[in-house]
Every structure is written in structure tokens, then in C-alpha cells.
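Notes to accompany the following structure.
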Amino acid sequence: MTDWDEQHPGRGDTAGMDALIARVLEHVHTLDQSADELRAVTERLTSTWRGAGADAWAVENTGAEGELRAFRQQLYDGLDVANQYNEAVRLIAARTVTIEGDLDQARYAESVAQAALDELRSLDDPDSWEVSRARSRVDLAQEDALYATRQLAQLVFERQQADTYLTSSLGAGLPTGWGGGGGFGALTAALPAVAFSRGPEGLAVWIAGLPDGAEGDAALRWLVENLSDAQFEALLAARPEVASRLMGGPDGAFAERFPALATALDVEGPDARIAAVIDACAGLSAHDLVVIARCYPGVVGNLDGVPLTTRIAANRVAISADLAASRAGLAAMEDLLAEEPGEPAPMQLTLLAGFRTSVARCEDLLYGEVAVVGDGGGFTTGRHQVVVFDAAAGRFGELVGDPTAPNIAVLLGGTGTGVSNMSGQYDRALDLVAGVPEHSLAIITYLGGSMPPTLDMATRSRYAMDIAPHLASFANGVKAVTGATITVAGHSYGGSVVGRAEVEGMVVDRILHIESAGSGPGVDSVQDYAAPETPRYSMTAPGDPIGMIQGLSAGGTDIGHGMDPDILDGVVRLETGRVNARDPHSPVLSGSDAHSGVFGDDTKRNVKPDAWDNILAVMTGGEVTVWTAPTVESTVPWDVEVTYPMSDPTFVPPTQVVR
């Protein structure tokens, strides 16, 4: 029965199988008779034979009888399966004959129609209407042939299912280990033996047939665990909706297979939970970490304390699930607009644009390539490394660089930063990572939730208050799980978030305020922070409009971001310096352009200000230049002249080594 092929899925000696089943069935009856006779003999002898010997004989014979009946039942069940299989093959064979006839007829019709079309085209002045009709006949014949071919492919799939079910049912070794009530072996038994080599579409067909609930979920997890990396990636690329089913929370099967991690999830307090998660992950094998990333991405993708590489793998699944949802939403909205007459409502257009943006973003994160620093220096391309992904909450984090780098910085943007424009943060981080010896620095661009969308909202502290607890847990988790030296840097409004996160319990190696809105809502002293002795640095270029809100607060409102970090005791103010740190005659970095200009000129990678050098030095533990106050001269109140020392080409600012 194994000599069939894809052109002949119904091939097999069904008559021979019928004869074999009949012969074995005779032995089944014999086993029944033998068991009955053994019971009768036992009952007859024990009715007249008494004592220990009789009891031992009865026990022995009763056991033998039980084994005979058990074997008889196994054999009978096997015959039942074999008979079902034989009937399935017989039906497939009959359907194959019909489909082969349809295919032959379609191909013949196609050849006749093609010949007629070729003859018309050979004429000097063919009638266009007749040519069009002839071409239509060719197309119809081709469609008939394609339909028959697809039907034949379906029969091939059914034959594979039948073969695999027969093999699995007669033998041992059904997939085990996922628990959760068991019972999914029958589902996995229906998976064609060659399905793993037939590509994502073949697997997707089987997955689509899985029932809802624990058994179907367990069978799916078993499947994805046994895929190679390439097969799993291909499956998600072809059918991202598969990822949606994997995004569920921890269940009984998770607790059964990963008990320590399941227990860690319920630990109270972020730092205690991080420690418990790290301990649990330390007890898992490399294969186990792959499994939880694939099978429970919704559990570990954003779980602080999980290895960064595992979070990256899990978030590829999470992004695939979001892609599937966004595509479905886009299709539904397009269908709705197509059915409704008239101009779409503004809200409908907004939703439509949102779905399109989300689809494009997810596709880029999954399949797009980004510039990375290559081995030996220079730039090459690589994949996105997303360590935080929660589209509904607007949270996102992407690792730029090597996750094993000895220095890792977490970089927050300012007003207007959102998931849709995090690519700008990536470019800024990549520029910094490329500015130091390879693999010595990695940066995570972090967005912990909604930031103020406009400047008029940037005085409000509620955004910082909302994001701060998430940043604190994330940064503490990165520090604990990597062992790297961690710097958390906040630019503009991001500085307020960083300061508040310190109040919420963030304890890292260094803090850097870059053109910061403030030291954090409610902060009047470094004693308000969880770790007052943490080295802290700040920079604000002269004339940056951010200075108008630094230190601003209004009692009883959510306006204000705490003390100005430049003047907070315990914070070292750094020099922002000249526009081009390599040119002593370069002008002083100042004014509104300096707010983002501290990161350098985007169009000239080799033109970096002193501020950029200082940012890198804080992140990697180098030598920084310290701010020197300007001189102020005034002959009358309305005539004030401010001179910044860095405007003098001969001035050399004082330095300090970063702790």
C-alpha cells in the first residue's frame, strides 16, 4: 500500500488488504475461544481443588486470560483502523479515476482551443472578436485543468492523512509532554507524515482544522515546537494568523511544563518577580527557551527578566499576530466602504489609514532590513530586534546592537514620539553605537506608552507618571538579566519620564538627562530617588526653548516636571559645546536647533558636537567635558552680553571621568 505517488493517490492493493484483514480476524476469534476455554478450565479445577496451590493456579490463569483478552482487543482495534484505512483508499481511488478523466478532458480541450487560437493568429487579418472568443476557450480549459489539478492535490493530502493515521494508531510514540488534559494525540496523529516537508501551506491546512480549546492549542504548540527555525518563520510569513492562536496567556499546559516560570508570574512586586523569572529561566535549556518564545509569546515577549534574545524571538510572533489582526481590520474596512455609497466618514478614513499604517509597520518589523554595525566596523543590514511590543498600549522597544554588549543604554525620546516614528530613534541610536568600538555598546530605543503629542501638552506630567513604572521595571530587568552596565537616557520629555522612573524604583548604573524637561514630577532632591547615589549627568544647550519649562510647576495641577536637572545637587552638568567638536572655530551649539542638534547633523555623520561625545562617554564610561558657566556683562539692564567659554577656540573645558 506504499507504492502510491502524487499522480496516483488511490493506488494500492485494497483487495489484498481485505484478505489480510479477514485472515487476522480469524485469529481474533481464536483468541476469544482460547480465553473462554482458559476461564472454563480455571473455574472447573478451582471448584474441586483447594489450598494455596489452587489459589496460585487461579491467579496465574486469570492473568493469562486477561492478557489474551487485552491482546485480542488491541488486535481487533487495529483491524478496525486498517479496515477504515482500506475504505478510505478505495474511495480515494474511485475519486482519482473521475478526476483524472476530468483532467485529461480539460487538457485535450485546451490543446484543441490553443490550436484554434494559433490558427486564427496566423491569418493576415484575423477577426479580433473571433480571437477573443478563442482565447476565452483556452482560458476556460486551463481553469478546468487547474481545478482538476487542485482536486488531485487534495486527494494526495487525504492519502497522506490516511497513511499517517494508520501508522500512528497501530504504533506507539504519539507526541506527549504538553499535558493540559492530554488527548491531543489523536489530533497530531492526523498530521501527514510528510507535512513538515510540504511547506507552510500544507501545515496551515492542518492547523485550520484544529478544534478550539486546550486540545487544539496543545496540538498546535507541539507542531511549532517541532518545526525548524526556517519552517517556523515560513509558516508565520505565509499565515500570520497562526501567531494569533499562540498569543494566549499561561494555561495548565504552561504550568505543567514550566512550573518555576509559572510560579514566578504570580510573584508580587516587580523586582522580586524579575528575580524569580531570572531564576526560572536559568533552569531552562536552550530548547525550552525557544519553545516558550514560540508557544507562549504573549507570556514572555514583554516579561522583564526573560533573556533579551528570547524576548526578541517571542515578539516576532507577537508582531505576526498584530499583522494578521491589522490585515483583517483593513480588509473589513475596505469591504464596508465598498458597500456603502457616498463619501466615507472622517472616522472611517482615520481607521482605514490606521490599519494601513499598522500593516506597513508590522511588515517592516518582520521582513524589512535595518542598518546595523557589522563585524570589523562599517554598516551592513540585519533584522529588527524588538524587545517590547504591545501595540494596544503603545509600548515598543528595539535593541540596536549586540545584546551581549558590556554597555547597554536605554534611550527615550521626547514630545511627539510614538510607535509610528520610532525609526528616527533607531537611526539616532545606530549613530551612537557606530561611534564606539564594535560590540562595546548597544542601545534600546524605548517607548513605554503614550507621550504628549504636541508641545502645548508637553508641560503635563501625567504622561511621565503613567510610563515611569513600566520603564523602571524594564530597565531593572535589563540590568538584572544582562549584567551589563546600564545607562538610562531621556531626551526632552523623556528626561521627565526617566526621573520619575527613578522615584518608582529604577536603579541602574548611570542616568543622563539630554535637553531634559525636568528631574521628574515631584522631584526636589536626589533623595526622592530610589538610589540617590547613582551617578547622574545632564546637558542643556544655551538658548534651547526647553529651558522655559525646566523647573516649572504649578501646585495642585499636573503641570511641571520637577527640578531643573542642570541645577539639581548631585547631578553633573555637561558641556554641550560647539557644533563640530573637531573644529575649535565651530560656533557654539545653541538655540532651538540645539534641542535635537545635540545628536549631531543627520546629513553629516562626521560632524558631531561636543554634546554627542559626552553622550557616548556617559554610555560607555569615558571622559566627559564639564559645563563652564558663561560670563555676563551688563552696563545697563537692557544691554546684556553673554559670552560662552566654548566660543573661544583656545578654551579647553574641564573634564571628569564617568563613574
Side-chain angles (χ1 to χ4, degrees), residues 5-7 9 146-147 149-165 167-168 175 178 184 186-212 215-248 287 289-298 301 310 312-331 358-369 382-386 389:
D5 56 42
E6 294 192 359
Q7 298 303 316
L146 181 59
Y147 178 71
T149 301
R150 288 173 176 168
Q151 286 186 306
L152 190 62
Q154 177 61 31
L155 292 183
V156 170
F157 179 72
E158 291 178 13
R159 179 62 184 268
Q160 291 167 345
Q161 286 184 309
D163 281 2
T164 304
Y165 179 69
T167 303
S168 300
W178 276 102
F184 75 97
L187 298 176
T188 57
L191 179 67
V194 296
F196 289 105
S197 63
R198 291 188 65 81
E201 291 299 336
L203 293 174
V205 170
W206 180 76
I207 292 170
L210 291 175
D212 293 334
E215 288 187 7
D217 292 344
L220 175 58
R221 288 194 295 270
W222 171 83
L223 171 69
V224 301
E225 176 181 350
N226 285 280
L227 294 175
S228 67
D229 290 342
Q231 288 171 327
F232 185 57
E233 285 281 336
L235 176 62
L236 291 186
R239 296 296 179 111
E241 61 271 16
V242 171
S244 302
R245 188 161 184 176
L246 295 169
M247 285 297 294
H287 176 71
L289 292 174
V290 171
V291 171
I292 60 173
R294 290 184 182 181
C295 300
Y296 291 99
T310 301
I312 291 167
N315 281 319
R316 288 191 67 79
V317 185
I319 296 166
S320 296
D322 195 57
L323 173 60
S326 298
R327 284 177 175 173
L330 176 60
S358 181
V359 168
R361 180 172 62 249
C362 290
E363 288 178 342
D364 176 63
L365 291 174
L366 290 170
Y367 316 123
E369 291 187 331
R383 298 203 314 185
H384 289 275
Q385 302 181 96
V386 179
F389 186 82

Item to check | Step-by-step side chain to side chain donor-acceptor pair (under 3.5 Å) determination, Arg221 to Tyr296 | outcome: CA-CA 9 Å; Arg221 288 194 295 270; Tyr296 291 99; 3.1 Å; yes
Checklist entry - If you draw a 6.0 Å radius around OH in Tyr147, do more than 12 non-hydrogen atoms from other residues or ligands fall strictly inside? => result no
Checklist entry - Going through the distances and angles, do Leu235 and Ile207 end up as a side-chain contact (heavy atoms from CB on, under 4.5 Å)? => result CA-CA 11 Å; Leu235 176 62; Ile207 292 170; 3.9 Å; yes
Checklist entry - Is the closest side-chain heavy-atom distance between Asp217 and Arg245 below 4.5 Å? => result yes
Checklist outcome for this item: Heavy atoms of Ala324 and Ser244 approach each other most closely as CB-OG, 4.0 Å
Item to check | Gap between atom OG of Ser320 and atom OH of Tyr367 - 0.5 Å precision | outcome: 5.0 Å
Checklist entry - Do any N or O atoms from the side chain of Asp322 and from the backbone of Ala318 form a donor-acceptor pair under 3.5 angstrom? => result no
Item to check | Arg327 and Glu241 ion-paired at < 4.0 Å | outcome: no
Checklist outcome for this item: Rounded to the nearest 0.5 Å, the OG atom of Ser326 sits from the CZ atom of Arg361 at a distance of 7.5 Å
Next on the checklist: If you define the side chain from C-beta out and look only at heavy atoms, does anything of Leu220 sit under 4.5 Å from Val242?
Outcome noted: yes
Checklist entry - Distance from Arg383 atom CZ to Arg316 atom CZ, nearest 0.5 Å? => result 3.5 Å
Next on the checklist: Applying side-chain contact (heavy atoms from CB on, under 4.5 Å) to Ile312 and Val386, what does each step give before you reach the verdict?
Outcome noted: CA-CA 5 Å; Ile312 291 167; Val386 179; over 6 Å; no
Checklist entry - What's the shortest heavy-atom distance between Leu330 and Val359, and which atoms? => result CD2-CG2, 4.4 Å
Checklist outcome for this item: The reported gap from CG in Leu223 to CG in Leu203 (rounded to nearest 0.5 angstrom) is 5.5 Å
Item to check | Sidechain N-carboxylate O distance under 4.0 Å for Asp229, Arg294 | outcome: yes
Next on the checklist: Regarding His287 and Glu225, do their side chains bring together a donor and an acceptor under 3.5 Å, going by distance alone?
Outcome noted: yes
Item to check | Pro297 to Ala293 - nearest heavy-atom pair and separation | outcome: CB-O, 3.4 Å
Next on the checklist: Can you tell me how far apart CD1 (Ile319) and CG (Leu366) are? Round to the nearest 0.5 Å.
Outcome noted: 5.5 Å
Checklist entry - Rounded to the nearest 0.5 Å, how far does CD1 of Ile292 lie from OG1 of Thr310? => result 5.5 Å
Checklist entry - Taking the side chain as C-beta and beyond, is there a heavy-atom pair between Glu201 and Arg239 under 4.5 Å? => result yes
